[in-house]
There are 2 protein chains.
Amino acid sequence: MVDRPDLAAMMHPLVRALMAAEEPVLEAHGLTMWGYTVLLALDGNPTRTQAALAERIGADKTRIIPTLDKLEADGFIDRYPDPDDRRVHLLALTEHGGEVKDATQEAIQTGEERWLVDLSDSDREVFLRVLHELARMAERWPE
Amino acid sequence: MVDRPDLAAMMHPLVRALMAAEEPVLEAHGLTMWGYTVLLALDGNPTRTQAALAERIGADKTRIIPTLDKLEADGFIDRYPDPDDRRVHLLALTEHGGEVKDATQEAIQTGEERWLVDLSDSDREVFLRVLHELARMAERWPE
DNA sequence: TATTGTTATACTCTATAACTATA
DNA sequence: TATAGTTATAGAGTATAACAATA
């Protein structure tokens, strides 16, 4: 009946290993995991409210506030009140923030190649395509 | 330069969604996530020490003790001192524990099919094979 | 003295609830 | 009165350190 391990049982340790490998890279670029997650989310997607950003990255709206404070203090993001509704904060990457995000992502993906290097071109293509599709499904399934 | 999302950025939300979907199934079978993880680890692999089990599943040795207490009280595992070294506890699934583990896994994998159902046979085969291989790599990379 | 399992404590992360400022 | 953001508090989960039993 059971002819494969559980998806979660395979993916969970893998994610932990991927994140453990990311940590020193993030630290070298002056970012936390949540900080990097925010930069990825804002890249190309300026966001109108902090609550929307929090929901998009699966965080509590109270949880990201210290992260946003730090990113702003470091000059990675701009955050200013919406003139049309001064309760709302508009969020966007600064040029510097975009550069740091790019450099960090480059380093992370270089590290991740360690996992993919032994795959054939076609296995790699299929795996990444399917994974991307499942990730999009998970986004649409927020609960 | 960056032509794909980060592996971790794709997998992390996916794992969270998979685990969220598991939770009600586990509860219906009287198991916690750690309890189920222990049953999976013990299945076909009786283990000589609790510390070894903890390391295998990526947990702290102190963390699994309440889990083992509960599994033992529920009759899912046997735990008794090794006659050769009475400091050591031998751990093994009971018959009942094996049945519960099988039934739970069956239900979990049925739920997981939701993610895989739209894949072609060949995409499915490649994805699961590569994922399995990466999971094995992660096991060998414990830090 | 070293090791296995256990318990007690402290720490980190996260969520809940209360507060402010705008609308 | 309702909503966006913030702050304060409480809770869950985890790790660190001390302890008892056995070797």
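Every chain is numbered from 1 and lettered A, B, ... according to where its sequence line falls, protein lines coming before strand lines. In what follows, every heavy atom counts, from backbone to side chain, and hydrogens, waters and symmetry copies are set aside.
First and last contacts of DNA chain C with chain A, using any nucleotide atom under 4.0 Å from a protein heavy atom and ordered 5' to 3', fall at C/dT14 to C/dA23.
Judged as a side chain to side chain contact (heavy atoms under 4.5 Å, CB included), and not counting sequence neighbours, the contacts of B/E125 are B/R129. Contacts of B/D74 classified as salt bridge (charged side-chain N to carboxylate O under 4.0 Å, His left out), with partners at least two apart in sequence or in another chain: B/K70. Legend: residues meeting salt bridge (charged side-chain N to carboxylate O under 4.0 Å, His left out) with A/E22, ordered by chain and number and at least two apart, are absent. For B/R87, the salt bridge (charged side-chain N to carboxylate O under 4.0 Å, His left out) partners at least two apart in sequence or on another chain are B/D85.
For the side-chain contact (heavy atoms from CB on, under 4.5 Å) test with B/P5, the passing option among A/Q109, A/H132, A/Q105 is A/H132; the others fail.
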Look for any protein N or O under 3.5 Å of an N or O in nucleotides 10-17 of chain D and output each such pair with its distance, or none.
{"unit_1": "D/dT14", "atom_1": "OP2", "unit_2": "B/W34", "atom_2": "NE1", "d": "3.4"}
{"unit_1": "D/dT14", "atom_1": "O3'", "unit_2": "B/R63", "atom_2": "NH1", "d": "3.1"}
{"unit_1": "D/dA15", "atom_1": "OP2", "unit_2": "B/R63", "atom_2": "NH1", "d": "2.4"}
{"unit_1": "D/dT16", "atom_1": "O4", "unit_2": "B/T62", "atom_2": "OG1", "d": "3.4"}

(message) Determine whether A/Y36 and B/D6 satisfy the following criterion, side-chain contact (heavy atoms from CB on, under 4.5 Å), listing intermediate values before the conclusion.
(response) CA-CA 11 Å; A/Y36 179 59; B/D6 304 346; 2.5 Å; yes
(request) Show your working on side-chain contact (heavy atoms from CB on, under 4.5 Å) between A/L119 and B/V130 and close with a plain yes or no. (result) CA-CA 8 Å; A/L119 299 178; B/V130 171; 3.8 Å; yes
Side-chain donor-acceptor pairs of residues 90-98 of chain B under 3.5 Å, sequence neighbours excluded:
{"unit_1": "B/T94", "atom_1": "OG1", "unit_2": "B/G75", "atom_2": "O", "d": "2.6"}
{"unit_1": "B/T94", "atom_1": "OG1", "unit_2": "B/F76", "atom_2": "O", "d": "3.1"}
{"unit_1": "B/T94", "atom_1": "OG1", "unit_2": "B/G97", "atom_2": "N", "d": "2.8"}

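Judged as a salt bridge (Lys or Arg N to Asp or Glu O under 4.0 Å), not a single pair has a partner in residues 9-19 of chain A (not counting sequence neighbours). The salt bridge (Lys or Arg N to Asp or Glu O under 4.0 Å) contacts involving residues 58-69 of chain B comprise B/D69-B/R79, where partners must be two or more places apart or lie in separate chains. Listed by first then second residue, pairs satisfying salt bridge (Lys or Arg N to Asp or Glu O under 4.0 Å) with a partner in residues 24-52 of chain B read B/D43-B/K101, B/R48-B/D82, not counting sequence neighbours.
Using a 4.0 Å cutoff on non-hydrogen atoms, the parts of residues 76-88 of chain A near DNA chain C are A/D85, A/R86, A/R87, ordered by number. Proximity of residues 44-53 of chain B to DNA chain C (heavy atom under 4.0 angstrom from any strand atom) is restricted to B/T49, B/Q50, B/A51.
Using a cutoff of 4.0 Å between basic side-chain nitrogens and carboxylate oxygens, B/R136 and B/E133 are scored as salt-bridged.
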